[in-house]
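To start, the structure under review is shown below, and the notes come after it.
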Amino acid sequence: VKEQGKNNFQFYTSEMNEMISKKMKLEIGLRKALERNEFKVVYQPQVDVCTGKVIGAEALIRWHHPEMGNISPAEFIPIAEETGLILPIGDWVLYEACHQSKQWHKEGCPPLRIAVNISSRQFQQHHFIGTVTKILKKTGVAPSHLEFELTESIIQDSKHAISTMQQLKDMGISLSIDDFGTGYSSLSYLKTFPIDTLKIDQSFIRNIFTDPKDASLVSTIINMAHNLDLKVIAEGVETLEQLNFLKQRRCNEAQGYFFSRPISAEEMRGIFQNQSIT
Ligand code: C2E
Ligand code: CA
Ligand code: CA
Ligand code: CA
């Protein structure tokens, strides 16, 4: 029990202590992870719903901590964002994904689109455009083969966000809104922001057959997107029934365990090479 002022006691349970020390351990580990080469990037195929062809892949970071083992990005990305470590980590993921994309191309794969998650903090940096330009130049990747997945939180600083997005669009990079429908923001940004794609959050897809409201939401998002000339991709597609539902409603693309879990660059190359033959 720690005393804070006169009547103000704060109780720390051992569980809370454990949580705090785990978070501290993760933060200390994160500071060293880049130089120790503990990160890698895995790739999850993104499929054209109409043709069934893989048209791209999303890059997802993985971290293997020497003692704690594999740590989920859902756990360490928020800590990286809080501490600012997301800036060097985010730059590393972008470089790695672009470098890999060029590598696949050299190995005879047709050029495919790579989607990279960009955290708000990374996007709001003043030299973000400069960093992107440098990485594209260094790796020789065509901007038209790159897509950035942004969350609705970037819309908070709307003036800066629009101008950065427009610069990225002018370079030829596509932009999608990740986890669409979970950000509680007004929809009006859809008419002012230069966006190409809405990515329907997996929480809606999960329940389309158990919750009729989720089914209506998914149908409504697809129709709205098409009326606004935006493409739609569904994430978290795990079953054929879910895929058929999306196909019937003319969702453009899908991604999820039904097609493939996130896989290594080598496994992804196999998929890309098979595509070029068919
Ligand atoms: P996200 O961007 O929404 O990525 C989708 C997450 O859903 C990924 O989890 C993916 O592995 C998982 N997933 C894909 N298909 C299915 C499916 O059919 N069913 C289920 N249940 N899950 C599926 P992951 O890789 O653990 O990443 C979690 C989150 O961490 C990501 O959510 C993203 O917000 C963040 N993240 C991952 N990599 C990066 C990165 O390089 N940079 C940044 N800023 N964030 C990242
Ligand atoms: Ca994403
Ligand atoms: Ca998502
Ligand atoms: Ca998510």
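Counting starts at 1 for both ligands and their atoms, in listed order.
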Check your understanding: Quick one: does L243's side chain get under 4.5 Å of F259's, heavy atoms only?
Key -> yes

Study note, to complete from the structure: Going by chain and number, the hydrophobic cluster around V42 (ILVMFWY, side chain to side chain under 4.5 Å) further includes L60

Review point. Would you say Y257 and ligand 1 have an N/O pair spaced under 3.5 Å apart?
Key: yes

Practice item. Could you tell me if any non-hydrogen atom of G90 lies under 4.0 Å from any atom of ligand 1? Key: no

Check your understanding: Rounded to the nearest 0.5 Å, how far does CD1 of I222 lie from NZ of K231?
Key -> 14.0 Å

**Study point:** Flag side-chain contact, heavy atom, 4.5 Å: N117 against E58
**Key:** yes

Check your understanding: When the ring planes of W104 and F272 are compared, do they come out parallel, tilted or perpendicular, using 30° and 60° as the limits?
Key -> perpendicular

Check your understanding: Aromatic rings W63 and H65: how do their planes relate, parallel, tilted or perpendicular, breaks at 30° and 60°?
Key -> perpendicular

Exercise for review: Give yes or no for whether the N/O distance cutoff of 3.5 Å, strictly under, is met between F258 and ligand 1.
Suggested key: no

Exercise for review: With heavy atoms of S119 as the reference, note each atom of ligand 1 found under 4.0 Å away.
Suggested key: 44 (N)

Revision key, fill the gap. Nearest non-hydrogen contact to atom 20 (C) of ligand 1 from the set R62, E96, Q242, E238 belongs to E238

Point to revise | Shell of protein N/O/S atoms around the Ca ion (ligand 2), taken as anything under 3.0 Å | key: E58 OE2, N117 OD1, E149 OE1, D178 OD2

Review point. Do I28 and M68 share a hydrophobic cluster, counting only Ile, Leu, Val, Met, Phe, Trp and Tyr and linking them when any side-chain heavy atoms are less than 4.5 Å apart?
Key: no

Check your understanding: Would you say S72 has any N or O atom under 3.5 Å from an N or O of ligand 1, going by distance alone?
Key -> no

Revision key, fill the gap. Judged by heavy atoms only, the candidate from N117, D201, I205 nearest atom 42 (N) of ligand 1 is N117

**Study point:** Q44: numbered ligand 1 atoms lying under 4.0 Å from its heavy atoms
**Key:** 14 (C), 15 (N)

Study note, to complete from the structure: ligand 1 atoms nearer than 4.0 angstrom to some heavy atom of D179 are 3 (O)

Review point. For atom 4 (O) of ligand 1, which candidate among L60, T151, V42 holds the nearest heavy atom?
Key: L60

Review point. Should the heavy atoms of other residues, nucleotides or ligands under 6.0 Å from CE of M24 be counted, would the total exceed 12?
Key: no

Check your understanding: Applying a 4.0 Å heavy-atom criterion (strictly less than), which segment of R206 is in contact with ligand 1: side chain, backbone, both, or neither?
Key -> neither

**Study point:** ligand 1-proximal atoms of I89, by part, heavy-atom distance under 4.0 Å
**Key:** neither

Check your understanding: Under 3.5 Å, is there a donor-acceptor pair between the side chain of Q125 and the main chain of Q122?
Key -> yes

**Study point:** Full working for side-chain contact (heavy atoms from CB on, under 4.5 Å) between E235 and D179
**Key:** CA-CA 9 Å; E235 70 176 4; D179 304 337; 3.3 Å; yes

Exercise for review: Scan side-chain atoms only and decide if Q44 and Q255 contain a donor-acceptor pair under the 3.5 Å cut-off.
Suggested key: yes

Exercise for review: With atom 26 (O) of ligand 1 as the reference point, say which of S120, P73, G256 has the nearest heavy atom.
Suggested key: P73

Review point. What part of R261, side chain from CB on, backbone N/CA/C/O, both or neither, has a heavy atom under 4.0 Å from ligand 1?
Key: neither

Exercise for review: Just jot down the ligand 1 atoms closer than 4.0 angstrom to any heavy atom of E58, in number order.
Suggested key: 2 (O), 4 (O)

Review point. Any side-chain heavy-atom pair from S21 and K25 closer than 4.5 angstrom?
Key: no

Practice item. Give the ring-plane orientation class for F123 versus F128, where under 30° counts as parallel, over 60° as perpendicular and anything between as tilted. Key: tilted

